[in-house]
Amino acid sequence: MSQVRSALTIAGTDPSGGAGIQADLKTFQELKTYGMSVITSVVAQNTTGVRSVEHMPLSMIEDQLDAVIEDMPTHAVKTGMIASKPMMELIVKKLEQVDAPYVMDPVMVATSGDDLIDKEGRNFLRQYLLPLTTVVTPNIPEAEFLTGLSITTEEDMKGAAEYLVHEYGVDAALIKGGHLKGQAIDFLYDGKQMHSYAAERIDTKNTHGTGCTYAAAIAAYLGKDYPLPEAVKQAKAFVTAAITKSFELGKGNGPTNHWAVREVTERKITHES
Ligand SMILES: Nc1ncnc2c1ncn2[C@@H]1O[C@H](COP(=O)(O)OP(=O)(O)OP(=O)(O)O)[C@@H](O)[C@H]1O
Ligand SMILES: Cc1ncc(CO)c(N)n1
């Protein structure tokens, strides 16, 4: 009998259920992956924005990580909101003990535009986390920050993916094109090949938590031993379905639908490499 696969998310929370830890666990569950979570910050947020944030003390983050690492098998790790440099240092030290693919979502601001990481922390994402990372998943503003490049075209997105791999030692970079006009296209560079994943753009404002959901789905598929380009393709189909059937809930950007893959069986993702 094959062993159950488990994935760990290390991230902040969203009590309204669409982003952060909550999105990750829903995604893991939907993909029949045993979900585990370590909370870095409690974020009082909803579809309209962030009200307040309470960061967990470092000792509490460390205890949570030890509780998982010392007891549970982990087949994939995903990180989201890591708000400060000391948190990053601690998480790096702990992740060095975990032998599993690692998906790093370099979360900086919420869909609503609120900051989720402090200024000092932003500058240490590259140095601390990228060397351990299997695949980093920036959106365009995050990729611009990480590379210092300006990104306005698909060619720029490819250039940024190559730059991250060649300059910062990350195994692979997936630049997400949700913020570009036209089709929703993402580029993955794994040091050898450039892959593109394109889907039709869905006309909706309800995209709260798309980035978290996508990265969590990639982690779940990597935990099931899918090769990275295939894991990204499956995850892209998952997030596209989740946006297609997203919920008109709340007063701002509504959440994506984590069970949509059960209902959207047609997978119109064009994968080229
Ligand atoms: N309107 C849309 N229609 C179809 N796909 C979309 C749409 N918006 C985003 N996507 C896709 O959703 C995924 C997440 O991309 P996006 O660039 O929005 O991430 P993000 O900005 O990190 O998300 P978040 O809003 O959670 O911060 C990508 O595959 C992107 O192409
Ligand atoms: C905790 C958290 N992580 C990530 C995002 C980005 O969507 C968010 N809104 N909240």
Side-chain angles (χ1 to χ4, degrees), residues 9-25 27 37-56 78-83 103-117 136-146 151 154 157 160 174-188 195-218 232-246 250 252-256 260 264 268-271:
T9 170
I10 305 170
T13 65
D14 174 7
S16 71
I21 290 274
Q22 282 82 353
D24 297 341
L25 288 177
T27 303
S37 60
V38 164
I39 294 173
T40 53
S41 302
V42 176
V43 184
Q45 61 172 318
N46 59 25
T47 64
T48 66
V50 174
R51 292 166 184 231
S52 60
V53 180
E54 187 94 11
H55 301 304
M56 289 295 103
K78 184 225 141 171
T79 60
M81 174 185 180
I82 307 177
V103 181
M104 199 263 265
D105 188 13
V107 170
M108 293 184 202
V109 293
T111 313
S112 54
D114 295 282
D115 277 339
L116 295 174
I117 175 169
V136 62
T137 62
N139 62 23
I140 287 178
E142 290 159 353
E144 289 188 312
F145 176 82
L146 291 173
I151 305 173
E154 291 181 10
M157 290 170 71
L174 175 68
I175 315 284
K176 300 173 294 188
H179 297 245
L180 270 194
K181 293 207 171 66
Q183 57 178 353
I185 190 161
D186 311 328
F187 291 97
L188 173 73
H195 300 261
S196 66
Y197 302 87
E200 237 171 74
R201 178 166 296 278
I202 301 141
D203 183 19
T204 178
K205 65 172 179 31
N206 300 327
T207 55
H208 179 61
T210 48
C212 305
T213 300
Y214 194 17
I218 296 169
V232 172
K233 184 177 179 188
Q234 296 296 329
K236 174 79 171 170
F238 186 93
V239 75
T240 304
I243 300 168
T244 307
K245 297 258 171 186
S246 59
N253 301 107
T256 62
V264 182
K268 284 193 249 155
I269 306 301
T270 311
H271 175 196

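Ligands are counted one by one from 1 in listed order, and the atoms in each one are counted from 1 as well. Computed from heavy atoms alone, side chains included, the values below leave out hydrogens, waters and symmetry copies.
Each of the atoms 9 (N) of ligand 2 lies under 4.0 Å from some heavy atom of Ala110. Those atoms of ligand 1 that come under 4.0 Å of a heavy atom in Gly209, given as number and element, are 26 (O). Those atoms of ligand 2 with a heavy atom of Gly12 less than 4.0 angstrom away are 1 (C). Atoms of ligand 1 found under 4.0 Å from any heavy atom of Tyr214, numbered from 1 in the order shown, are 13 (C), 28 (C), 29 (O). Interface atoms of ligand 1 facing Asp186, defined by a heavy-atom separation under 4.0 Å, are 28 (C), 29 (O), 30 (C), 31 (O). Of all the atoms in ligand 1, the ones that sit under 4.0 Å from a non-hydrogen atom of Thr207 are 25 (O).
Residue Val239 places no N or O, backbone or side chain, under 3.5 Å from any N or O of ligand 1. The shortest N or O to N or O distance between Gly211 and ligand 1 is under 3.5 Å. Looking at ligand 1, you won't find any N or O of His208 less than 3.5 Å from one of its N or O atoms.
Around atom 2 (C) of ligand 1, the closest heavy atom drawn from Val109, Ile202, Ile140 belongs to Ile202. When the heavy-atom distances from atom 10 (N) of ligand 2 to Gln45, Met108, Met81, Gln22 are ranked, the shortest goes to Gln45. Nearest residue to atom 8 (C) of ligand 2 from Thr40, Asp24, Leu116 is Leu116 (criterion: closest heavy atom).
If you look at Ala11 next to ligand 2, there are no close heavy atoms at all, none under 4.0 Å. At a heavy-atom distance under 4.0 Å, atoms from both the backbone and the side chain of Thr210 approach ligand 1.
For Ile243, the closest heavy-atom approach to ligand 1 falls below 4.0 Å.
Between Met108 and Leu146, some side-chain heavy-atom pair lies under the 4.5 Å cut-off.
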